[in-house]
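Atoms within a ligand are numbered from 1 in the order they appear, just like the ligands themselves.
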Amino acid sequence: MAAVMKANEPVPALPYVRAIAPYQAGKPIEELAREFGLRAEEIVKLASNENPLGMPPSARSAIARALEHLGDAGRYPDSNGFELKAALASKYGVPAEWITLGNGSNDILELAAAALLAPGTSCVYAQHSFAVYALATQSRGARAIVVPAKNLGHDLNAMLAAIAPDTRLMYVANPNNPTGTFIVHSQVAAFLARVPKEVVVVLDEAYNEYLPPEHRFDSTAWVKQHPNLLVSRTFSKAFGLAGLRVGYGIAQAELTDLLNRVRQPFNVNTLAQAAAVAALGDAEFLRKSYELNLRGMRQLIEGFDALALEHVPSFGNFVLVKVGPAAKVYHELLKRGVIVRPVANYGLPEWLRVTVGLPEENAKFLAALPEALAAARGG
Ligand SMILES: *Cc1c(COP(=O)(O)O)cnc(C)c1O
């Protein structure tokens with residue numbers, strides 16, 4: 001007879017898995033509507049760095065076409081993502097064999113950890129950088145080497161100095177989330193030249209498409225120079241496909257082959273692949289998204305300046321603002337139908353991260369902010 005577990009007996013979790021603090025996602029609109037008795041239409045969500053334009057119409061049509069063509073998506077997706085890889089390969093001038101598709105770029109970050117980390121190894125990343133680096137490291141039982149930030153951004157020299165004999169992986173977010181800080185390409189190039197060949201660098205460029213022209217740089221050129229570099233990008237932010245979950249990594253063939261060994265065979269679904277091909281070719285949507293972000297960022301910063309609130313100059317589609325009692329201000333904003341992101345879990349308990357929205361969404365947030373600040377500071 002099979003053994004029966006006693007009710008009070010814990011499941012046999014790995015200790016390093018049990019120690020993980022789960023990822024805290026931005027509050028969904030429907031959840032706030034239920035909790036506070038608000039109408040979903042009156043809620044503004046500026047919490048997850050999504051594109052306020054939503055998905056590009058070109059991607060919507062591509063999905064409709066894919067559904068027609070496939071009937072009911074009853075078949076498995078193309079495991080190798082032929083069309084999307086071909087489109088990416090031609091855009092970046094790299095062989096298709098250098099591309100890994102991911103269920104969001106989150107998946108790419110995880111694949112790197114799965115391929116390279118285990119107990120007895122370590123991973124280097126920066127304080128106040130993306131939460132998934134800690135999750136990916138911890139879930140593999142690897143040791144995290146968290147390097148103190150400099151002016152809230154990455155300190156690349158300190159990160160180089162922190163590399164230990166057992167270090168196999170480093171994560172560098174550029175621009176970084178949640179701080180919005182950016183490392184100029186000359187500094188990244190100098191850093192890459194100094195990283196030992198046996199350490200893989202994941203250069204996470206989730207916000208790449210929001211960079212101003214003077215900071216745009218073809219980082220795939222570095223992939224050609226460095227067999228230990230994996231550049232990670234996503235369709236979730238400027239391309240407006242966050243709900244479909246599709247991202248990609250670019251690395252030389254050997255590293256890509258490793259990632260493929262730990263990848264789920266059907267990790268990117270059929271509709272996401274079709275939408276991503278369309279979005280990739282939609283230069284007009286990308287231009288609109290960029291310009292909307294530029295204007296919205298100015299709007300937010302003017303609002304913060306008017307309230308004498310400190311903010312961190314940001315290169316993404318979000319901005320970190322110092323409000324003092326952030327947990328309270330966050331709650332007061334929720335009551336007023338505005339969802340932003342508290343970042344205490346990033347070691348920034350006095351700050352809120354605000355995603356740039358549509359002009360009217362930014363305005364609603366800025367109108368609610370002084371009231372929320374007064375309520376939070378008074379009570
Ligand atoms: C949003 C984000 C990602 C990935 O998001 P996906 O939706 O999984 O592609 C990766 N890195 C950073 C720094 C991000 O902010």
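For atom 9 (O) of ligand 1, the closest non-hydrogen atom on the protein side is Thr234 OG1, 2.5 Å. Considering only non-hydrogen protein atoms, atom 7 (O) of ligand 1 sits nearest to Ser236 OG, 2.5 Å. Of the protein's heavy atoms, Ser105 OG, 3.0 Å lies nearest to atom 4 (C) of ligand 1. The protein atom (non-hydrogen) at minimum distance from atom 2 (C) of ligand 1 is Lys237 NZ, 2.4 Å.
Ligand 1 is approached by Asp204 to a heavy-atom distance shorter than 4.0 Å. The shell of residues lying under 4.0 angstrom from ligand 1, judged by heavy atoms, excludes Gly247. Under the 4.0 angstrom criterion for non-hydrogen atoms, Tyr207 is in contact with ligand 1.
In summary, the atoms of ligand 1 found under 4.0 Å from a heavy atom of Asn177, numbered by their order in the structure, are 13 (C), 14 (C), 15 (O). Every atom of ligand 1 is numbered from 1 in the order shown, and the set under 4.0 Å from a heavy atom of Arg245 is 6 (P), 7 (O), 8 (O).
Other residues, nucleotides and ligands place more than 12 heavy atoms under 6.0 Å from the CD atom of Glu284. Counting heavy atoms of neighbouring residues, nucleotides and ligands inside a 6.0 Å radius, atom CZ of Phe266 exceeds 12 of them. Annotation: Glu254, atom CD; neighbour count of heavy atoms from other residues, nucleotides and ligands within 6.0 Å does not exceed 12.
Residues Leu230 and Tyr92 are members of separate hydrophobic clusters, defined by side-chain heavy-atom contacts under 4.5 angstrom among Ile, Leu, Val, Met, Phe, Trp and Tyr.
When non-hydrogen atoms are compared, ligand 1 lies under 4.0 Å from the side chain of Ala206 (C-beta onward) but not from its backbone.
With Phe315 as the fixed residue, the ring-ring contact (aromatic ring centres under 6.0 Å, His included) test singles out one of Tyr210, Tyr207, Phe182: Phe182.
In this structure, Arg353 satisfies the cation-pi test against Phe318, with its NZ or CZ atom closer than 6.0 Å to the six-membered ring centre and inside 45 degrees of the ring normal. Stacking of Arg216 on the aromatic ring of Tyr290 is recorded, both the 6.0 Å distance cut-off and the 45° axial limit being met.
The distance criterion of under 3.5 Å between nitrogen or oxygen atoms is not met by Asn103 with respect to ligand 1. Of the polar atoms of Asn106, at least one N or O is found under 3.5 Å from an N or O of ligand 1, judged by distance alone.
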>> Quick one, Val199 with Met170, criterion side-chain contact (heavy atoms from CB on, under 4.5 Å). Give me CA distance, side-chain angles, the key distance, then yes/no.
In response: CA-CA 7 Å; Val199 176; Met170 301 178 91; 3.6 Å; yes
